[in-house]
Amino acid sequence: MTKISNSCAQTVVVLDFETSGLSPNQGDRAIEVGAVRIEDGVITDRFQRLMNPGRRIDGFIESYTGITNAMLAKAAPCAEVMDEFADFIGDDDLVAHNASFDQRFLDAELKRVQRRYGGSFACSMLAARRLYPGAFNHKLGTLVEYKALPNDGSFHRALADAEMTAYLWLAMLADIERDHALESVSFEVMQQLTKVPKASVDKFFRRYH
DNA sequence: TGCCAGGCCCTCTTTAGGGCCTT
């Protein structure tokens, strides 16, 4: 049995943004951020804030997220929330479902407040595509049902989605460790997993036996 | 409701096109 580990692999922050649209390059803004910190396989901390983007969101986003313009009118400005969030994530490594989406918004919002983060991203969706090819699809909600993960039935809110992504992440680690007789799997190996072809996943892990 | 974007990934591919996933 081989241990795949490194000195900083056991703490990650799993995050999720609710936004006014799909692209910060098109003027879309974050309206809520949720995150949980996983340390040695256990959720040890949580962060959730609504944030006021300074403009109204459209009816589709209100309906999709349940976040209303009235709720955002009472929320702190994006700059204040993102400054707090930068403190929360620090230099920890980061996980998100379809991470390229959340990374674009994290980068855009932190750039506005001249803050940075030191960790790197891994994507639970890309990992799940390789580990669970039999799933009907790889939407977060589908994978939560597929793996019978804990949830309170609420979707498309930042903290709820971040928690479900965290449970998915832990389930994937546990499945890899069980299926490949590994003691632990590092963050870096999970990042590499998302870059190998689906057909090569077993071969990828056999390298460590 | 589903378009906007962008990266990944598959295939009837690579001199390309389209589906998936995120809000």
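So that the names make sense, note that chain A is the first sequence line, chain B the second, and so on, each numbered from 1.
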- [ ] Using a heavy-atom cut-off of under 4.0 Å over every strand shown, decide if A/Thr65 touches base, sugar-phosphate, or nothing.
- [x] sugar-phosphate
Task: Of A/Leu140 and A/Gln26, the one whose closest DNA chain B nucleotide lies more 5' - done: A/Gln26
TODO: Select from A/Asp58 and A/Phe136 the residue whose nearest nucleotide in DNA chain B is closer to the 5' end of that strand.
DONE: A/Asp58
For residues 190-203 of chain A, which side-chain donor-acceptor pairs fall under 3.5 Å, sequence neighbours excluded?
| residue | atom | partner | partner atom | Å |
| --- | --- | --- | --- | --- |
| A/Gln191 | NE2 | A/Ser120 | OG | 3.1 |
| A/Gln191 | NE2 | A/Phe121 | O | 2.8 |
| A/Thr194 | OG1 | A/Gln191 | O | 2.6 |

Task: Selection from B/dT22, B/dG6, B/dC21 that lies nearest to any side-chain heavy atom of A/Ser100 - done: B/dG6
- [ ] Looking only at side-chain atoms of A/Lys198, point me to the closest of B/dT23, B/dG6, B/dC10.
- [x] B/dC10
- [ ] Under 4.0 Å between any heavy atoms, over every strand shown, what does A/Phe105 touch: base, sugar-phosphate, or nothing? Just pick one.
- [x] nothing
Open item on the list: Let's see if you can work this out: which of B/dG6, B/dC21, B/dT23 has an atom nearest to the side-chain heavy atoms of A/Arg104?
Closed with: B/dG6
Task: Cationic tip of A/Arg37 above A/Phe88 ring, under 6.0 Å, 45° of axis - done: yes
Task: Proximity to the side chain of A/Asn25 - top-ranked nucleotide from B/dA5, B/dT23, B/dC4 - done: B/dA5
Task: N or O in side chain of A/His138 less than 4.0 angstrom from B/dC20 OP1/OP2 - done: no
Open item on the list: Using the salt bridge (charged side-chain N to carboxylate O under 4.0 Å, His left out) criterion, which residues pair with A/Asp91? Sequence neighbours excluded.
Closed with: none
Task: Rounded distance (Å) that lies between atom P of B/dC20 and atom NE2 of A/His97 - done: 14 Å
Open item on the list: Side chain of A/Arg129 only, heavy atoms from C-beta on: which candidate in B/dT22, B/dC4, B/dC8 is closest?
Closed with: B/dC8
Task: A/Asn137 side-chain proximity, nearest of B/dT22, B/dC4, B/dC21 - done: B/dC21
- [ ] Report yes or no: do A/Val185 and A/Leu168 belong to one cluster of Ile/Leu/Val/Met/Phe/Trp/Tyr joined by side chain heavy-atom distances under 4.5 Å?
- [x] yes
Open item on the list: Taking 4.0 Å as the cut-off, does a side-chain nitrogen or oxygen of A/His156 come that near to OP1 or OP2 on B/dT23?
Closed with: yes
Task: Pi-cation contact, A/Phe47 with A/Arg49 (under 6.0 Å, within 45°) - done: yes
- [ ] Describe the nucleic acid contact of A/Ser20 in one word from base, sugar-phosphate, nothing, applying a heavy-atom distance below 4.0 Å.
- [x] nothing
